[in-house]
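We use all heavy atoms of the structure for the numbers below, so side chains are in, but hydrogens, waters and symmetry mates are not. Protein chains get the first letters and strands the later ones, always in sequence-line order, with residue 1 at the start of each.
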Amino acid sequence: MPRRVIAHCDIDAFYASVELLRHPELKGKPLVVAHSGPRSVVTTASYEARTFGIDSAMPAARARALCPDAIFIEPDHKAYREKSTEVWDLVRARVPVVQQVGIDEAYLDVTAFEKPLPVLRELVAEVHDRTGMFVSVGVGPSRLVAKTVSGSFKPRAFKALSREQACELFADRPTRLLQGVGPKTAERLAAFGAHTVGDLQRMDEELLIEHFGDNWGTYIKARAWFHDDSPVAAPGPAKSRSNETTFPADVDDHGQLEATLARLTEELCAQLQRKDVAGRNIAIKVRLDDWTTVTRARTIGERTNDPGVVLPVVLDLFRGYAPARPVRLLGVRLAAFEEPPARSRASQMALPV
DNA sequence: TCTGGGGTCCTAGGACCC
DNA sequence: TCTGGGGTCCTAGGACCC
């Protein structure tokens, strides 16, 4: 793998920062962007709110308990999309290889620049001047190093680290720091005594492979040493689209559940029609009051985005499962957007010439 | 204080075909 | 009466990410 210079750019407290631009009088106050429902979670907390222990994905009710004086703002996704476009258009105007990840993050391959850091400095300054957003930047030989650096030094991070420096600097941090190690893997690793990145670095690879499988064992061991050769590449077209909703209170009336499935299906099909894609795989998702999650799927012969075709399948899948407990969440999903596979010889022969 | 919504990728097992 | 090996497609669940 030839030498690479990768940057990870992350807009600081993105949604909260957009709100502060529109409501400058709130500057310095703890700000929480979250929907108002009883089961909503925090989308973004300003850094003032984070000092109270509030963080993304936390139940909004808990955030309110932690900081009763925090100002809660309903998300305005249209405004965030527009601001996001402004920011990443400026980035793409200066850097040709950009992989956007979500609304507020991107990886940049800046290997081709003779002096990447000054280029990135100027970019951060320009983005702030023209959009009001602060971008944290981590730089390293891989996406993993860049991402870990930006995440560890934000807000307003600007730092470059070699792989060796990352191995040393993050050795005492929890394994969870590594992108790819989620709560479950961190828990399993802890059961082997691997609590920190350094512990994982020292762990016997054979033991990891034995317990985590060939792929995953090799992968997390490499991550602990910050080895990562994944390229910065624009993602391909979407492989699936879905629409789901959590009820404010659990629902056990099947009439109401089916009406919700009909609405979700209509909305999803309308979205697919706007994007001019159609799928052959139709799936439903049902989450019960005890948090068990069940999916049922069916692949049909022809691609479709017609609710008249999709809804009967959705309802059939739902009736086949017929949840016996109150339902918390319902979802509908379409996938398999690519051309159907070539027909088998048998079915070809069955067709008239 | 109970835990959103939109995605991706991986695994395991079964059906079916050659 | 017992029993191959490989490949593809599909379903269901789970982990993870933003």
Q: Verify the distance criterion only: is there a donor paired with an acceptor across the side chains of A:Ser150 and A:Asp10 at less than 3.5 Å?
A: no
(Q) At a heavy-atom distance below 4.0 Å, what parts of residues 100-107 of chain A sit against DNA chain C? (A) A:Val101, A:Gly102, A:Asp104, A:Glu105
(Q) What's A:Gly180 touching, base or sugar-phosphate or nothing? Going by heavy atoms closer than 4.0 Å. (A) sugar-phosphate
Q | Rounded interatomic separation in angstrom, taking OH from A:Tyr321 and P from C:dG13 | A | 8 Å
Q. For atom C1', what is the distance between C:dG4 and B:dC17, given to the nearest Å?
A. 14 Å
(Q) Whether A:Arg176 contacts C:dC17 is assessed here as follows: a side-chain N or O lying under 4.0 Å from the phosphate OP1 or OP2. Is that the case? (A) yes
Q) What would the secondary structure line of DNA chain B be in dot-bracket form, counting Watson-Crick and G-U wobble pairs under 3.5 Å, with [ ] for pairs that cross earlier ones and | for pairs with another strand? A) ....||||||||||||||
Q. Could you give the NE2-to-C1' distance, from A:His8 to C:dC17, as a whole number of Å?
A. 11 Å
What donor-acceptor contacts under 3.5 angstrom involve side-chain atoms of residues 65-77 of chain A, with partners at least two apart or in another chain?
unit_1, atom_1, unit_2, atom_2, d
A:Glu74, OE1, A:Ser36, N, 3.3
A:Glu74, OE2, A:His35, ND1, 3.1
A:Asp76, OD1, A:Lys78, N, 3.4
A:Asp76, OD1, A:Ala79, N, 3.3
A:Asp76, OD2, A:Arg22, NH1, 2.9
A:Asp76, OD2, A:Arg22, NH2, 3.4

Q: Report the distance from atom CD1 of A:Ile284 to atom C1' of C:dG13, rounded to the nearest whole Å.
A: 15 Å
Q) Should B:dC2 be called syn or anti, with syn set as within 90° of 0? A) syn
Q) Can any side-chain N or O of A:Lys147 pair as donor or acceptor with the backbone N or O of A:Gly138 at less than 3.5 Å? A) no
Q.
Can you see whether A:Thr111 engages A:Arg4 through a side-chain donor-acceptor pair at a distance of less than 3.5 angstrom?
A. no
(Q) Expressed as a whole number of angstroms, how long is the span from A:Leu144:CG to C:dC16:P? (A) 15 Å
Less than 3.5 Å apart, which donor and acceptor atoms pair up between the side chains of residues 240-247 of chain A and the rest of the protein, not counting sequence neighbours?
unit_1, atom_1, unit_2, atom_2, d
A:Asn243, ND2, A:Leu264, O, 3.2
A:Asn243, ND2, A:Glu267, OE1, 2.8
A:Glu244, OE1, A:Lys285, NZ, 3.2

Q. Ion pair present between A:Glu86 and A:Lys83, side-chain N to carboxylate O less than 4.0 angstrom?
A. yes
Q) Does A:Arg173 make a cation-pi contact with A:Phe170, if we ask for NZ or CZ under 6.0 Å from the ring centre and within 45° of the axis? A) no
Q) Choosing from C:dC16, C:dC18, B:dT1, which nucleotide comes nearest the side chain of A:Gln179? A) C:dC18
Q: Under 4.0 Å between any heavy atoms, over every strand shown, what does A:Pro248 touch: base, sugar-phosphate, or nothing? Just pick one.
A: nothing
Q. For A:Trp225, is the NZ or CZ atom of A:Arg223 found under 6.0 angstrom from the centre of its six-membered ring and inside 45 degrees of the ring axis?
A. no
Q: Before accepting this row, confirm whether a basic side-chain N of the pair A:Arg319/A:Asp316 lies closer than 4.0 Å to the acidic partner's carboxylate O.
A: no
Q) Along nucleotides 4-11 of chain B, 5' to 3', which nucleotides get a B, which get an S, and which get a -, given that the test is a protein heavy-atom distance under 4.0 Å? A) BBSSSS-S
Q: Write down the distance between CD1 (A:Ile54) and C1' (B:dT1), rounded to a whole number of angstrom.
A: 12 Å
Q) Please give, in whole Å, the distance from C:dC18 P to A:Gln99 CD? A) 12 Å
Q) Honestly, is A:Arg163 close enough over A:Phe226, meaning NZ or CZ under 6.0 Å from the six-membered ring centre and within 45° of the axis? A) no
Contacts table for residues 181-191 of chain A: side-chain donor-acceptor under 3.5 angstrom, sequence neighbours left out:
unit_1, atom_1, unit_2, atom_2, d
A:Arg188, NH2, A:His211, O, 2.7

Q: Establish, yes or no, whether the cationic atom of A:Arg121 lies under 6.0 Å from the six-membered ring centre of A:Phe158 and within 45° of the ring axis.
A: yes
Q) Base, sugar-phosphate, or nothing for A:Pro235, non-hydrogen atoms under 4.0 angstrom? A) nothing
